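Just follow the structure's listing: the first ligand is 1, and inside any ligand the first atom is 1. Quick caveat, the model's predicted, so the values are computed rather than measured.
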Amino acid sequence: MSKNYMPSKGDFEKLARMKAPYQQTIDELKVKLKGIKYGCLQENGYTPIEFVVGRVKSTESMLKKAESKGVQLGAGNWIDEVEKQVKDIAGLRLVSRYIEDLREAQEILSQREDIVVEEVKDYITIPKDSGYRSIHMIVRYPTYHGAAKKEVFCEIQLRTLAMNFWATNEHELRYKYDQKLPDDMRAELRKAADSAHELDLQMDQFRREIREAHELNKQIALSNEVKLEEIFSLYVKKDYKRAQELYRHYFGEGHDFTHDPKLKMIDDLLGSRLKLMK
Ligand code: 0O2
């Protein structure tokens with residue numbers, strides 16, 4: 001925080017009021033990002049998003065960054081200036097398994113109508129000097145806080161699990177050493193960042209195979225669903241003989257639907273009734 005400026009009690013109250021729509025933005029966008037995750041899982045059995053976390057920037061960190069961007073704390077409409085200059089007051093982190101998943105998530109976000117992408121900083125293509133890798137998307141998002149509409153900035157960081165692991169460790173070390181990491185530790189961290197990236201590139205090669213397996217499972221589940229529907233419609237029409245024949249033909253005795261709760265329920269109902277019938 002500024003050496004010369006100490007926010008008054010009134011300033012802290014204003015800053016807390018200013019932050020409220022940012023907290024709301026995080027809450028809303030977290031729900032929306034989880035909507036992408038579970039929608040993709042439902043549709044494809046696969047999601048490019050592993051998990052999402054969010055935070056509102058601490059007042060101290062926010063004022064420090066505002067100062068570094070030239071905001072004169074305490075002067076004129078300085079709180080408005082802080083909001084204009086510090087674009088990560090609301091911050092979300094979207095973590096994926098693979099780099100290609102990050103690109104897919106980035107594409108999905110770029111096409112949404114409820115957020116406007118203002119800027120993208122690609123620290124995967126060009127990592128920071130520390131070794132930090134991530135994609136930062138600065139987006140504009142409309143909140144309806146109270147009666148008024150307010151458009152706020154939000155930074156969405158997209159990281160792989162490996163990038164996130166590295167960044168979390170590095171962040172804590174920086175904190176421990178009060179931002180002044182010893183040179184040898186800085187060099188070791190840089191090496192670790194490159195190793196994490198190497199791992200990401202290796203893992204990307206497995207991604208396609210894993211997705212193909214999910215696609216295959218989806219098709220099997222779909223075709224089983226169609227078969228069960230066919231048997232069910234015969235059962236409803238009281239054509240028990242044909243229903244039994246088809247049931248045996250398609251599934252015999254050796255099928256297992258435990259991995260799919262919906263199919264298992266239908267199968268339990270139908271299978272037990274058909275088996276009881278002579
Ligand atoms: P917090 O939670 O804010 O207190 P700028 O162009 O300067 O406006 P940019 O390039 O997005 O912004 O990066 P900036 O402002 O340096 O950092 C924003 C956030 O990115 C950081 O938040 C970190 O979460 C992450 N980050 C950036 N660089 C590094 C890095 O070298 N190591 C790690 N571990 N994280 C980094 P704050 O400010 O740390 O935290």
Side-chain angles (χ1 to χ4, degrees), residues 1-2 7 12 15-16 18-19 21-23 25-27 29-30 33 50-71 73 78-96 99 102 105-106 109-110 115-141 152-197 199-200:
M1 204 176 299
S2 165
F12 274 117
L15 288 166
M18 177 269 260
K19 280 180 170 186
Y22 291 89
Q23 182 59 55
T25 296
I26 288 167
D27 294 342
L29 283 175
K30 258 166 106 175
L33 294 180
E50 281 292 304
F51 64 86
V52 178
V53 289
R55 63 100 184 92
V56 172
K57 207 171 180 71
S58 71
T59 299
E60 189 182 349
S61 176
M62 184 173 73
L63 296 184
K64 215 166 159 180
K65 187 161 184 177
E67 265 207 309
S68 75
K69 292 193 175 273
V71 178
L73 303 185
W78 66 278
I79 293 184
D80 291 349
E81 271 313 297
V82 171
E83 286 191 85
K84 267 188 220 145
Q85 296 300 329
V86 182
K87 295 183 178 161
D88 64 342
I89 298 175
L92 281 163
R93 186 168 300 148
L94 182 161
V95 180
S96 304
I99 296 175
L102 290 187
Q106 182 185 354
L109 291 175
S110 305
I115 57 177
V116 178
V117 180
E118 183 88 356
E119 193 183 352
V120 175
K121 298 178 200 169
D122 185 343
Y123 298 125
I124 297 178
T125 307
I126 303 177
K128 287 200 168 188
D129 288 344
S130 60
Y132 177 76
R133 286 175 172 85
S134 175
I135 297 170
H136 290 187
M137 296 177 82
I138 307 291
V139 304
R140 277 190 281 124
Y141 180 77
V152 298
F153 287 118
C154 174
E155 179 179 85
I156 307 179
Q157 298 181 346
L158 296 94
R159 296 179 180 172
T160 61
L161 288 162
M163 291 170 195
N164 195 45
F165 182 47
W166 179 90
T168 307
N169 281 287
E170 196 257 6
H171 186 268
E172 285 183 14
L173 283 169
R174 259 179 205 262
Y175 187 75
K176 179 179 173 198
Y177 286 92
D178 201 16
Q179 304 300 320
K180 295 174 209 93
L181 287 175
D183 285 348
D184 54 343
M185 188 176 283
R186 206 190 298 265
E188 283 303 312
L189 280 165
R190 179 85 220 203
K191 263 201 262 167
D194 292 342
S195 303
H197 186 56
L199 179 66
D200 269 339

Any idea which residues sit under 4.0 Å from ligand 1, heavy-atom distances?
R55, K57, S61, K65, K69, D88, R93, K121, Y123, K128, S130, Y132, H136, E155, Q157, R159, A167, E170, H171, R174
When you check the gap from the basic side-chain N to the acidic O, do R133 and D200 get nearer than 4.0 Å?
no
Charged N to carboxylate O below 4.0 Å: is that the case for E188 and K191?
yes
Side-chain atoms of residues 167-179: list all donor-acceptor pairs with protein atoms under 3.5 Å, sequence neighbours left out, distances to 0.1 Å.
from: T168; atom 1: OG1; to: N164; atom 2: O; distance (Å): 2.6
from: N169; atom 1: ND2; to: F165; atom 2: O; distance (Å): 2.7
from: E170; atom 1: OE1; to: R174; atom 2: NE; distance (Å): 3.1
from: E170; atom 1: OE2; to: R174; atom 2: NE; distance (Å): 2.9
from: E170; atom 1: OE2; to: R174; atom 2: NH2; distance (Å): 3.0

Can you list everything that forms a side-chain contact (heavy atoms from CB on, under 4.5 Å) with V53? Sequence neighbours excluded, please.
F51, R93
Partner residues of F153 under the ring pair (Phe, Tyr, Trp, His ring centres under 6.0 Å) criterion, sequence neighbours left out
none
Within a strict 4.5 Å, meaning less than it, do heavy atoms of the W166 and S130 side chains meet?
yes
